[in-house]
Participant: 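Below is a structure I'd like to ask you about.
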Amino acid sequence: MAAAVETSCSEFLNWDVESSVCNELKQEKQLSASQRRFYSFCRRKSFAVFVASVQNGCQDKGTESWCCCGQTFSEHSAIHKHVAKSHNSEVQQLTEAAYEHLLKQLEQEAEPPKECKAEVADISAWIPDISQVSEENLRNGPGKVLLYYHYCLLDDPHVICAWQKALCEKLHLTGKIRVAAEGINGTVGGTHVATDIYISAMLSHPVFKMEKEDFKTSDGGAECFTDLKVGVFKEIVPMGVDPDAVSYKLAGTHLDPEEFHKEVEALLANRDSSNDTILLDCRNFYESKIGQFTRCLAPNIRKFSYFPDYIDQNLELFRNKKVLMYCTGGIRCERGSAYLRSKDVCKEVYQLKGGIHKYLERFPEGFYRGKLFVFDERYTISSNNDVIADCRYCSLPWDQYELCSTQFCCQLVLSCPSCRKKGRTACCPSCQRKGETQDKEASDVQHPKEECECTDTRARIPQDV
């Protein structure tokens, strides 16, 4: 029974624990990824225990009901909503107690953590000799941000993870790196000297047969990230589909920027006639909102893990069509195009090699207009002066994101300087009202998820058929 309760209540308690730029900036005392998983586990367990505690002891066979606060609930969803809304503080207390108990248990266990597996391998041979490079050149001076990925079979991702962590720390790089059995995906920032050494180390590694062209660069540095996060995951880009079920090897045909540019040019030339081509943006809605290719289809999805469901619910849209896909750096298209091809409905599936990054290097004034969203503290980079978005409040052209000013909300908001001066700094009216009272009702209790008009009114999976 407890297991059933826990499973059915998960929709109310699944915290968004992805390493998003919003959480990094909002949480001063951020838990590590493993700690967040443990805490989320304790939260679900505590919620299930509380729900079970108010279940009626005497009930007819085959029926269930719960009594709480003088009310009787006969459906799981009803009692779960009630507990989430009215008993958050009690659940929070149970969660903290369970979390502390779990941590003590883990500390007492003799089994070493998985990360220790890397100690078996000697990674020193993969660490470059930088004895002739001064700390000053590694820490200070002009810098850049690297964006890259590479699919290949890794026999022991934990060894690669340990090497990446040691390499980045030695070069004083910050950023985020995902390692999996299927390859590596990363974005790091540092000085020009440090990032050049990092690229050389990647190119010389015996497992990664990479080329310099695989690295996308932009102006920036170590200050573009709050810290360094390197971890081992099931997927190097979180689509939520087992790589063994849908492999990157099924990806669509790669088109270099010149070839992709010609395809888009041909699509735009046929504006007034029927055509069978779809220009598909694989990114999230807040990315395409401030920059996109002319005449594209940009799904209104919040996470890439929603992309497979979007494809499933809009299959007829792609039937017998030629699809041109693009994303920031290319990696989401690798898995996204593979998933679309696995449905066997499209006539042809192509993807932009190197993503928007590489396209803008070749065509800064091409068919991509507006800003390019990036997942670091810069939020955007640009190659043209077009502003295709507008202020959330006054509708004047504006495309500079800021975090919602309301505590616990991680939505991004477009609010122009004039509106911000008037105090319009929240993502929606409900958050604006919360912001006006949060100082008076300050609380240390963290809410299980973001709840505002932005999240409540947007369909999780839009229907574009």
Side-chain angles (χ1 to χ4, degrees), residues 216 237 239 241 246-301 304 306-373 383-384 386 388-389 459 461-465:
K216 279 76 72 172
V237 60
M239 189 172 74
V241 177
V246 178
S247 170
Y248 69 92
K249 296 178 181 178
L250 192 60
T253 303
H254 291 71
L255 299 179
D256 61 35
E258 288 77 9
E259 294 171 320
F260 196 85
H261 184 81
K262 290 179 180 179
E263 290 287 347
V264 177
E265 188 174 40
L267 174 64
L268 298 179
N270 294 326
R271 177 181 294 275
D272 298 327
S273 61
S274 60
N275 63 76
D276 62 351
T277 301
I278 293 178
L279 181 55
L280 179 61
D281 193 324
C282 295
R283 301 172 301 159
N284 306 320
F285 78 91
Y286 52 85
E287 299 175 76
S288 58
K289 187 174 184 177
I290 61 171
Q292 57 181 241
F293 274 94
T294 305
R295 203 180 167 190
C296 74
L297 168 63
N300 189 28
I301 56 175
F304 184 56
Y306 296 172
F307 185 79
D309 286 340
Y310 174 80
I311 295 297
D312 291 344
Q313 295 189 30
N314 293 276
L315 268 183
E316 289 304 312
L317 190 65
F318 303 101
R319 189 173 299 280
N320 298 321
K321 297 294 179 64
K322 173 182 177 181
V323 179
L324 304 171
M325 302 176 69
Y326 69 88
C327 60
T328 305
I331 188 170
R332 280 179 279 188
C333 283
E334 299 283 5
R335 293 296 308 285
S337 65
Y339 189 83
L340 182 56
R341 290 192 67 216
S342 72
K343 298 302 175 178
D344 198 27
V345 296
C346 299
K347 185 167 60 176
E348 300 170 285
V349 179
Y350 297 93
Q351 66 185 77
L352 174 56
K353 182 179 180 181
I356 304 166
H357 251 288
K358 287 296 183 182
Y359 179 86
L360 291 179
E361 290 179 9
R362 179 65 182 83
F363 300 100
E365 294 292 339
F367 297 120
Y368 184 89
R369 310 310 301 175
K371 304 292 191 298
L372 172 59
F373 186 92
S383 66
N384 58 69
D386 286 9
I388 70 168
I461 309 298
Q463 299 284 343
D464 289 335
V465 174

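Heads up: numbering here begins at 1 and tracks the sequence.
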Participant: Using side-chain heavy atoms (C-beta onward) and a distance below 4.5 Å, is Glu263 in contact with Thr277?
Facilitator: no
Participant: With the side chain counted from C-beta on, respond yes when Asn284 and Phe373 share a heavy-atom pair under 4.5 Å apart, and no when they do not.
Facilitator: no
Participant: Check this for me: Lys353, atom NZ, are more than 12 non-hydrogen atoms of other residues, nucleotides or ligands nearer than 6.0 Å?
Facilitator: no
Participant: Could you tell me whether the side chain of Phe285 reaches within less than 4.5 Å of the side chain of Ile301, counting heavy atoms only?
Facilitator: no
Participant: So do the side chains of Ile388 and Gln292 get within less than 4.5 Å of each other, counting heavy atoms only?
Facilitator: yes
Participant: Begin with the C-alpha distance, continue with both residues' side-chain angles, and end with the deciding distance and a verdict on side chain to side chain contact (heavy atoms under 4.5 Å, CB included) for Leu352 and Phe293.
Facilitator: CA-CA 12 Å; Leu352 174 56; Phe293 274 94; 4.3 Å; yes
Participant: May I ask you to decide whether Glu259 forms a salt bridge with Lys262, counting only side-chain N to carboxylate O separations under 4.0 Å?
Facilitator: no
Participant: For Lys347, check salt bridge (Lys or Arg N to Asp or Glu O under 4.0 Å) against everything at least two apart and list the hits.
Facilitator: Asp276
Participant: Can you tell if the side chain of Leu372 reaches within under 4.5 Å of the side chain of Thr328, non-hydrogen atoms only?
Facilitator: yes
Participant: Check whether any side-chain heavy atom of Leu255 lies under 4.5 Å from a side-chain heavy atom of Tyr326, and answer yes or no.
Facilitator: no
Participant: Could you walk me through whether Asn300 and Tyr310 satisfy the side chain to side chain contact (heavy atoms under 4.5 Å, CB included) test, starting with their C-alpha distance in whole Å, then the side-chain angles of each, then the deciding distance to 0.1 Å, before giving a yes or no?
Facilitator: CA-CA 9 Å; Asn300 189 28; Tyr310 174 80; over 6 Å; no
Participant: Mind checking whether Val237 and Glu334 have side chains closer than 4.5 Å, heavy atoms only?
Facilitator: no
Participant: In terms of side-chain geometry, is the basic nitrogen of Lys358 or Asp256 positioned less than 4.0 Å from the acidic oxygen of its partner?
Facilitator: no
Participant: Indicate the ring-plane relationship of Tyr359 and Phe363, choosing parallel, tilted or perpendicular according to the 30° and 60° boundaries.
Facilitator: tilted
Participant: Can you label the angle between the Phe367 ring and the His261 ring as parallel, tilted or perpendicular, going by 30° and 60°?
Facilitator: parallel
Participant: Do Arg341 side-chain atoms and Val349 backbone N/O form a donor-acceptor pair below 3.5 Å?
Facilitator: no
Participant: Please evaluate residues Tyr339 and Asp312 with respect to the criterion side-chain hydrogen bond (donor to acceptor under 3.5 Å, both in side chains), reporting the C-alpha separation (whole Å), side-chain torsions for both, the decisive distance (0.1 Å), and the verdict.
Facilitator: CA-CA 10 Å; Tyr339 189 83; Asp312 291 344; 2.8 Å; yes
Participant: Run through Arg332, Gln351, His254 and flag the one making a side chain to side chain donor-acceptor pair (under 3.5 Å) with Ser337.
Facilitator: Gln351
